[in-house]
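First up is the structure itself, then whatever we jot down about it.
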Amino acid sequence: MSGQKPPNTANRRAFLRGAAASTLGAVAAGRAVADDPDPLITELQPWAQGLGDGVDATPYGLPIRYESDVIRRNVPWLTADTISSVNFTPIHALDGTITPQGCAFERHHSGAIELRKEDYRLMINGLVERPLVFSYADLERFPRETHVYFCECAANTGMEWAGAQLNGAQFTHGMIHNMEYTGVPLRTLLQEAGYDASAKWIFVEGADASSNGRSIPMEKALDDVFVAFKANGEALRKEHGYPARLVVPGWEGNLWVKWLRRVEVIDRPVESREETSKYTDTLADGTSRKWTWAMDAKSVITSPSPQSPITHGHGPLVISGLAWSGRGAIARVDVSKDGGITWETARLARPGEKMALTRFYLDTSWSGEEMLLQSRAMDDTGYVQPTKAQLRAMRGENSIYHNNGIQTWWVRATGEAENVEVS
Ligand code: MTE
Ligand code: CO
């Protein structure tokens, strides 16, 4: 040693941080350590003075109690009871793309039933050579596939048709989840039963009282529909259709039959009361559109947003959100801070994947100015997410389903955000 004192740790850290900040050319998100000694750094804290929980304290782990507000929520006035109802994924508090099952929205028409694997049966009948019944164990013996897909209820954002209504991304856009499913292609099971090659449709139903019967074109059934029994690596939760549900990639959630018990091969769609009265969109001229199965490209900024305000003061700000398309992969997402006048292209966390959520980020800086935040998704078919005005011009104001208009959050100088519309 030459006798020169090495710089103390605090100063060196401050220096390194300063250097890093200047290379990035941005204001540092941290603060200089020496400025104001922080007892959380300088003093021994209680959690370092004793022992933590042993293994097995929670054989199946739950989120730490400090995250207890990251939960599904319902809107009590939307439905008469919680049996035929919906709750919403806390998308404002999640990051990445995978939705943990425990906070993935639920939509039931007659409640979530409890069905043991041993009691599970899936029948394939109708226009087939050999009507078949599969047990759960039978399903496990077919070659399996694993895919990540989003499931969006056709009613997602439905309350927003007439104007800005619900104050939070969870409520405006939370009827969506995105999981990694494992299961057997429906094609495999249909082939096993010897389906009639001229049949154009299948009818699928669940084991719950509502049965949620739906007709699906055979072309889609043979393409990418599959019977899933695992989500995010583990068994499906009861509320998502344990022990097996239908996965219908890119298409509206009501086709994703839970507790799947029967697939009938048919030659023309079954017009059940449920199907004809629901999931159609009333247009401005009084006519209705139906069979709008694929979910159009859509996006939403999850943070900042009404439930996720800016709390950290001025300087670096990460604007983040989700984009998806039921017709392909997300190719690009733009973000506007001025209500759609100017746009910046966001960074995709990973290249868009077909019919799966894509996370986007805009790494920016904020000095307290008001913002009208919007995001605009584009998919690989060239489709561009419309403004709400464009959507209303095409579809009128009487719809509930398939609202994929551009969302606006008004961020104020305080960092708080509100659901608004710009004309
Ligand atoms: N399947 C059955 N058997 N019963 C139902 O009530 N609801 C449907 C669909 N499958 C339903 C069903 C609707 S409208 C949607 S949006 C999705 O399930 C929701 O799936 P999730 O509860 O796993 O989010
Ligand atoms: Co639905």
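Note that ligands are numbered from 1 as they come in the structure, with each ligand's atoms numbered from 1 the same way. Below, all heavy atoms of this structure are taken into account, side chains as well, without hydrogens, waters or symmetry copies. From a predicted model like this one, the values you see are computed outputs, not experimental measurements.
Near V257, meaning under 4.0 Å from one of its heavy atoms, ligand 1 places the atoms 1 (N), 10 (N). With ligand atoms numbered from 1 in the order given, ligand 1 contributes 22 (O), 24 (O) to contacts under 4.0 Å with heavy atoms of E106. Of all the atoms in ligand 1, the ones that sit under 4.0 Å from a non-hydrogen atom of C153 are 16 (S). For ligand 1, the atoms sitting less than 4.0 Å from at least one non-hydrogen atom of H240 are 21 (P), 23 (O), 24 (O), numbered in the order shown with element in parentheses. Interface of E239 with ligand 1, defined as ligand atoms under 4.0 Å from a residue heavy atom, comprises 22 (O).
Within the structure, salt bridge (charged side-chain N to carboxylate O under 4.0 Å, His left out) pairs that include any residue of residues 133-142 do not occur (at least two apart or interchain).
If you check the side chains of N419 and Q407, you find a donor sitting under 3.5 Å from an acceptor. Using modelled atom types, one finds a donor on one side chain and an acceptor on the other under 3.5 Å when comparing S198 with D196. T182 and T146 share a side-chain donor-acceptor pair at under 3.5 Å.
Residue-level proximity to ligand 1 for S210 is carried by the side chain, the only part with a heavy atom below 4.0 angstrom. With a heavy-atom cut-off of 4.0 Å, W256 touches ligand 1 through its backbone alone. Here H177 has side-chain heavy atoms under 4.0 Å from ligand 1, and that is the only part of it that gets that close. Under 4.0 Å from ligand 1, the heavy atoms of R245 that appear belong solely to its side chain.
Note: an N/O pair closer than 3.5 Å links R107 and ligand 1 by distance alone. Close N/O approach between G206 and ligand 1 is not found [any backbone or side-chain N/O within under 3.5 Å]. In terms of polar-atom proximity, defined here as any N/O pair under 3.5 Å, S211 makes no such contact with ligand 1. No N or O atom of N254 sits closer than 3.5 Å to an N or O atom of ligand 1. The shortest N or O to N or O distance between H108 and ligand 1 is not under 3.5 Å. Looking at W259 next to ligand 1, no N or O pair under 3.5 Å apart turns up. For S110, no nitrogen or oxygen atom sits less than 3.5 Å from a nitrogen or oxygen atom of ligand 1, counting backbone and side chain alike.
Looking at T345, its side chain never comes within 3.5 Å of a backbone N or O of D334 through a donor-acceptor pair.
Distance check: K258 NZ to E239 CD gives 8.0 Å after rounding to the nearest 0.5 Å.
Salt bridge status for K337 with E344: present, with a side-chain N to carboxylate O gap under 4.0 Å. In summary, E152 and K298 engage in a salt bridge, as defined by a charged side-chain N under 4.0 Å from a carboxylate O.
Across all their heavy atoms, A154 and N254 have their closest contact at CB-ND2, 4.3 Å.
Residues meeting the side-chain contact (heavy atoms from CB on, under 4.5 Å) test with R268, sequence neighbours left out: none.
Closest heavy-atom approach to atom 3 (N) of ligand 1 among the candidates N87, D208, T89, L260: D208. Of the candidates N156, T99, N212, N212 brings a heavy atom nearest to atom 2 (C) of ligand 1.
Of the residues Y181, W251, F226, F105, the one that meets the ring pair (Phe, Tyr, Trp, His ring centres under 6.0 Å) test with W256 is Y181.
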